[in-house]
**Q** 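The following block contains the structure, expressed as structure tokens.
Side chains are part of it too, since the values below use all heavy atoms of this structure and drop only hydrogens, waters and symmetry mates. Everything quoted here is computed from the prediction, not taken from an experiment. When a ligand or atom number is given, it counts from 1 through the structure's own listing order.
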Amino acid sequence: MEIEIATIGGYEEVGRQMTAVRTGDDIVIFDMGLNLSQVLIHDNVETETMHSLDLIDMGAIPDDRIMSDLEGDVQAIVPTHGHLDHIGALSKLAHRYDAPIVGSPFTIELVKQQIDSENKFNVNNDLLKMSAGEAMSIGESGNVELEFVHVTHSIIDAINPVIHTPEGAIVYGLDKRIDHSPVLEDPIDMKRFREIGREDNGVLCYIEDCTNAGRKGRTPSESHARSHLEDTIRSIEDYDGGIVATTFSSHVSRVSSLVEFAKDIDRQPVLLGRSMEKYSGAAERLGFVDLPDDVGMYGHRKSVDRTFKRIMKEGKENYLPIVTGHQGEPRAMLTRMGRGETPFELENGDKVIFSARVIPEPTNEGQRYQSERLLKMQGARIYDEIHVSGHLREEGHYQMLDALQPQHIIPAHQNLEGLSPYVDLAESQGYALGRDLHVTRNGNIVQLVG
Ligand SMILES: [Zn+2]
């Protein structure tokens, strides 16, 4: 069986992930992501109304024209988790393929919302839910199977898809950290990875998330961020003014910890901002999280302002607003609060908790600096970096190689500079660049079995 892998997007950057695997006549696509930073550098770009080719030219979505070089039919499009750099281009590209979109329940819920907000294309692909631990057969041959393995990441219900072929398994490792005590869900299924590494013909190829490959040690668990957060909130328990917190709205585990600790110090948590409502609302509907009934979620400008007015009237000391804006995004809630554009009045000594890390990229760093300055000018005290990353570091990478023992490796999810520490690491384990360790670029095809 011929097997080749098209590395379409996310091999020169973090963002716009897309990879296609051809096994015989059948093709499976992993991820169709958006590189948001390529959009944000332009003023007033509304991606919802833009054409795919213009977004490809901007470097915002994957250039999938290479798909015509793969001889086979696309049988499934598989988003691995709900982050925009993995699902953000589905609304622009998926309709060109006659194949269902197959994802875990929470991911599919977010894909549905993504497709509904699209104004240019009619995306009618079937949406199929498949949970971690389940498998489905691919194509007509009867000997290719797609399996989902549960992994832990900074969004719930993330999976690593595996394609089982007669030549061995192809494991797509984006995105994850090895977490044995996550907050809302099961630990990562390392047992299954170890089994896959040892059954039948083992692992033919592993595509790895190299985001943090250059960092020593191991990525701490989400429970580590949770106890850091608890300690921080307890330390300001007696403060009788305003406390505001911000985090990734897609990070439902973190949001639920914030809600819990707000309650612990007798403050009413409220989620404010459109994306807060979107992710936490979806997680609640699907039963991933059970927030207390009295936790308000407000997305629209008017209902947000009304809530802020209520907070000012009843006393800031009774509330803990959880808002958008952890990267200093100009239109997000916290930035608007900093500019004094909301009815919430910050005063000297009020606390602002960033349960996030600035994404190390000049646009984010600049915006976040500006937002913090504005908050400080009103007297706010900043609690920063109460956070752990969702990506493996060095020791996690060693563990994955040990579990899977792949014949070939393709490093991904970074630019060339970011991939290089992983190349060193893999070479130290006996792999050789150009032989079984394939550093590739967007738009290439790696032939594994000819
Ligand atoms: Zn991710």
**Q** Run through the protein N/O/S atoms less than 2.8 Å from the Zn ion (ligand 1) and write them out by chain and number.
**A** His81 NE2, His83 ND1, His153 NE2, Asp175 OD2
**Q** Say you draw a straight line from CD1 of Ile159 to CD of Glu134; how long is it, rounded to the nearest 0.5 Å?
**A** 11.5 Å
**Q** Considering only distance and modelled atom types, tabulate donor-acceptor pairs under 3.5 Å from the side chains of residues 401-410, sequence neighbours left out.
**A**
residue: Gln405; atom: NE2; partner: Asp402; partner atom: O; Å: 3.4
residue: His408; atom: ND1; partner: His438; partner atom: NE2; Å: 2.9

**Q** Under 6.0 Å from the ring centre and within 45 degrees of the ring axis: does the NZ or CZ of Arg368 meet both conditions for the six-membered ring of Phe354?
**A** yes
**Q** Is the terminal nitrogen or CZ of Lys216 (NZ for Lys, CZ for Arg) located under 6.0 angstrom from the six-membered ring centre of Tyr398 and within 45° of that ring's axis?
**A** no
**Q** Could you give the side-chain donor-acceptor pairs of residues 417-429 under 3.5 Å, partners two or more places apart or in another chain?
**A**
residue: Ser420; atom: OG; partner: Glu417; partner atom: O; Å: 2.8
residue: Glu427; atom: OE2; partner: Leu433; partner atom: N; Å: 3.4
residue: Ser428; atom: OG; partner: Leu425; partner atom: O; Å: 2.6

**Q** Under 3.5 Å, side-chain donor or acceptor atoms of residues 46-61 against the rest of the protein: list the pairs with distances, not counting sequence neighbours.
**A**
residue: Thr49; atom: OG1; partner: Glu46; partner atom: O; Å: 3.2
residue: His51; atom: ND1; partner: Leu53; partner atom: N; Å: 3.2
residue: Ser52; atom: OG; partner: Lys92; partner atom: O; Å: 2.8

